[in-house]
2 protein chains.
Amino acid sequence: MTDDDRVFKALADPTRRFLLDLLFARDGRTLTELESELEMTRFGVMKHLRLLEEAGLVVTRRSGREKLHFLNPVPIRLVHDRWIDKYTEHQVTALVDLKHRLEDQP
Amino acid sequence: MTDDDRVFKALADPTRRFLLDLLFARDGRTLTELESELEMTRFGVMKHLRLLEEAGLVVTRRSGREKLHFLNPVPIRLVHDRWIDKYTEHQVTALVDLKHRLEDQP
DNA sequence: ATGATACGTGACCCTTTGGTCACCTGTCAA
DNA sequence: TTGACAGGTGACCAAAGGGTCACGTATCAT
């Protein structure tokens with residue numbers, strides 16, 4: 001299994017994306033803390049966090065009996081760079097910004 | 001199934017990522033042309049292209065009995081923007097660039 | 001017209017994956 | 001030191017996903 005295989009497989013599940021959203025909002029949470037935000041047993045959440053960690057999307061640090069989880073944005077940036085080169089990046093960004101501005105209209 | 005569900009599911013498979021790579025290198029190819037690059041029957045490739053199209057990662061245009069496939073980078077950019085805000089984007093980009101420069105060393 | 005070409009559909013099989021549970025190890029506090 | 005708390009493992013089951021095939025429709029060239 002290659003590195004980006006792990007990244008894309010990890011991103012494929014909605015629960016795991018939600019976990020990334022939680023860590024994006026606030027870093028350094030424990031498993032139990034994350035579990036409380038989900039309608040799932042601890043074991044399910046643990047499996048998901050394990051896949052995210054193996055993909056490098058989440059980095060962890062132990063502190064006593066707790067394990068703290070942090071979001072790592074680097075693999076996401078590499079996904080971006082795979083199919084968006086420097087030349088088209090400006091156009092795409094402009095297009096996305098325009099879309100946002102149009103959607104903010106009443 | 002939500003929009004980004006479709007995008008992430010579509011990106012989860014290595015064959016589909018390879019198809020995006022092919023279209024990134026050269027746009028506007030037909031199914032048969034793409035099939036010739038893969039060790040798989042036409043039916044498998046067709047299923048993959050269908051998922052890519054439903055996710056909006058590939059846009060198509062008919063021309064007689066042929067169907068031309070084009071890469072659409074917008075959903076990729078939206079994936080990026082979900083977990084990388086403007087503030088950290090510069091740092092991450094710099095980090096990735098540094099990584100590339102280090103890897104280019106002998 | 002008719003054979004070849006390009007794409008499409010539905011059913012089928014096998015593998016992978018998401019989720020749960022019984023059970024276990026390490027750490028903290030009273 | 002002993003009970004409560006935080007995290008970890010392996011087996012298990014139902015559901016989703018990848019790939020192929022028989023068969024079908026539309027378009028092109030001769």
Side-chain angles (χ1 to χ4, degrees), chain A residues 1-23 26-71 75, chain B residues 1-23 26-71 75:
Chain A
M1 169 105 61
T2 71
D3 264 11
D4 53 71
D5 249 335
R6 271 182 283 270
V7 171
F8 288 108
K9 283 275 170 72
L11 291 176
D13 183 84
T15 303
R16 288 195 287 271
R17 292 197 297 275
F18 182 63
L19 284 169
L20 292 183
D21 290 339
L22 290 175
L23 294 178
R26 182 164 51 83
D27 253 337
R29 309 205 211 191
T30 69
L31 164 62
T32 321
E33 195 175 350
L34 292 168
E35 175 204 347
S36 70
E37 306 266 357
L38 292 174
E39 316 247 319
M40 191 185 300
T41 66
R42 181 170 55 91
F43 310 99
V45 181
M46 209 185 325
K47 269 196 176 181
H48 287 305
L49 285 174
R50 183 167 174 267
L51 292 182
L52 287 170
E53 191 175 354
E54 287 176 352
L57 288 161
V58 162
V59 186
T60 61
R61 201 184 69 218
R62 299 219 52 131
S63 164
R65 61 179 163 181
E66 293 185 332
K67 188 175 180 182
L68 307 179
H69 298 76
F70 301 87
L71 175 62
Chain B
M1 171 102 65
T2 73
D3 264 11
D4 53 72
D5 250 335
R6 271 182 282 271
V7 171
F8 289 107
K9 284 275 169 75
L11 291 175
D13 183 83
T15 303
R16 288 195 288 271
R17 293 197 297 276
F18 182 63
L19 284 168
L20 292 182
D21 290 339
L22 290 174
L23 294 178
R26 182 164 51 82
D27 254 336
R29 308 205 211 191
T30 69
L31 164 63
T32 321
E33 194 175 350
L34 292 167
E35 175 205 346
S36 70
E37 306 266 357
L38 292 173
E39 316 248 316
M40 190 185 300
T41 65
R42 181 171 54 91
F43 310 100
V45 182
M46 208 184 327
K47 267 196 177 181
H48 287 305
L49 286 173
R50 183 167 174 267
L51 292 183
L52 287 170
E53 190 174 355
E54 287 177 351
L57 288 161
V58 162
V59 186
T60 62
R61 202 184 68 220
R62 299 220 52 132
S63 163
R65 61 179 164 179
E66 292 185 333
K67 187 174 180 181
L68 308 179
H69 298 76
F70 301 86
L71 175 63

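Chain identifiers are assigned alphabetically (A, B, ...) following the order of the sequence lines, protein sequences preceding nucleic acid strands; residue numbering begins at 1 within each chain.
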Tell me the interatomic distance from A:Phe18, atom CZ, to C:dG18, atom P, rounded to whole angstroms. 17 Å
A:Leu11 CG to C:dG18 P, in whole Å, measures 12 Å
Determine whether more than 12 heavy atoms belonging to other residues, nucleotides or ligands lie under 6.0 Å from atom CG of B:Asp3. no
Under the side chain to side chain contact (heavy atoms under 4.5 Å, CB included) test, residues paired with A:Lys67 that sit two or more places apart: A:Glu53, A:Thr60, A:His69
Counting only heavy atoms not in A:Arg61, do more than 12 fall under 6.0 Å of its CZ? no
Please confirm whether the backbone N or O of A:Ala12 pairs with a side-chain atom of A:Arg17, one donor and one acceptor, at under 3.5 Å? yes
Nearest whole Å is fine: how far is D:dG17 C1' from A:Phe8 CZ? 18 Å
d(A:Leu20 CG, A:Leu49 CG) to nearest 0.5 Å is 9.0 Å
DNA chain C contacts made by residues 27-49 of chain A, counting heavy atoms under 4.0 Å: A:Met40, A:Thr41, A:Phe43, A:Gly44, A:Lys47, A:His48
Return the residues of residues 56-71 of chain A meeting this criterion: a heavy atom under 4.0 Å from some atom of DNA chain C. Order them by number, or give none. A:Gly64, A:Arg65
Of all heavy-atom pairs linking B:Leu51 and B:Ala10, the shortest is O-CB, 4.1 Å
How bent is the helix from C:dA1-D:dT30 to C:dA30-D:dT1, measuring the angle between the end axes built from five pairs each, rounded to 10°? 30°
Here the gap from B:Lys47 atom NZ to B:Met40 atom CE, rounded to the nearest 0.5 Å, amounts to 11.0 Å
NZ (A:Lys9) and CG (A:Asp4) are apart, to the nearest 0.5 Å, by 11.0 Å
To the nearest 0.5 Å, what is the distance between CG (A:Asp13) and CG (B:Asp5)? 8.5 Å
So, for B:Glu54 and B:Arg6, which heavy atoms are closest and what is the spacing to 0.1 Å? O-CD, 3.5 Å
How long is the straight-line distance from CD of B:Glu37 back to OG1 of B:Thr32, given to the nearest 0.5 Å? 12.5 Å
Roughly how far apart are B:Arg16 CZ and B:Leu11 CG, rounded to 0.5 Å? 8.5 Å
Could you state the atom-to-atom distance from CG of A:Asp5 to C1' of D:dG17 in whole Å? 15 Å
Between D:dG17 atom C1' and B:Arg6 atom CZ, what is the distance in whole Å? 16 Å
What pairs with A:Ser36 under side chain to side chain contact (heavy atoms under 4.5 Å, CB included), at least two apart in sequence or on another chain? none
Listed pairs, N/O of protein and of nucleotides 13-17 of chain C, under 3.5 Å:
from   : atom 1 : to     : atom 2 : distance (Å)
C:dT17 : OP1    : A:Lys9 : NZ     : 3.2

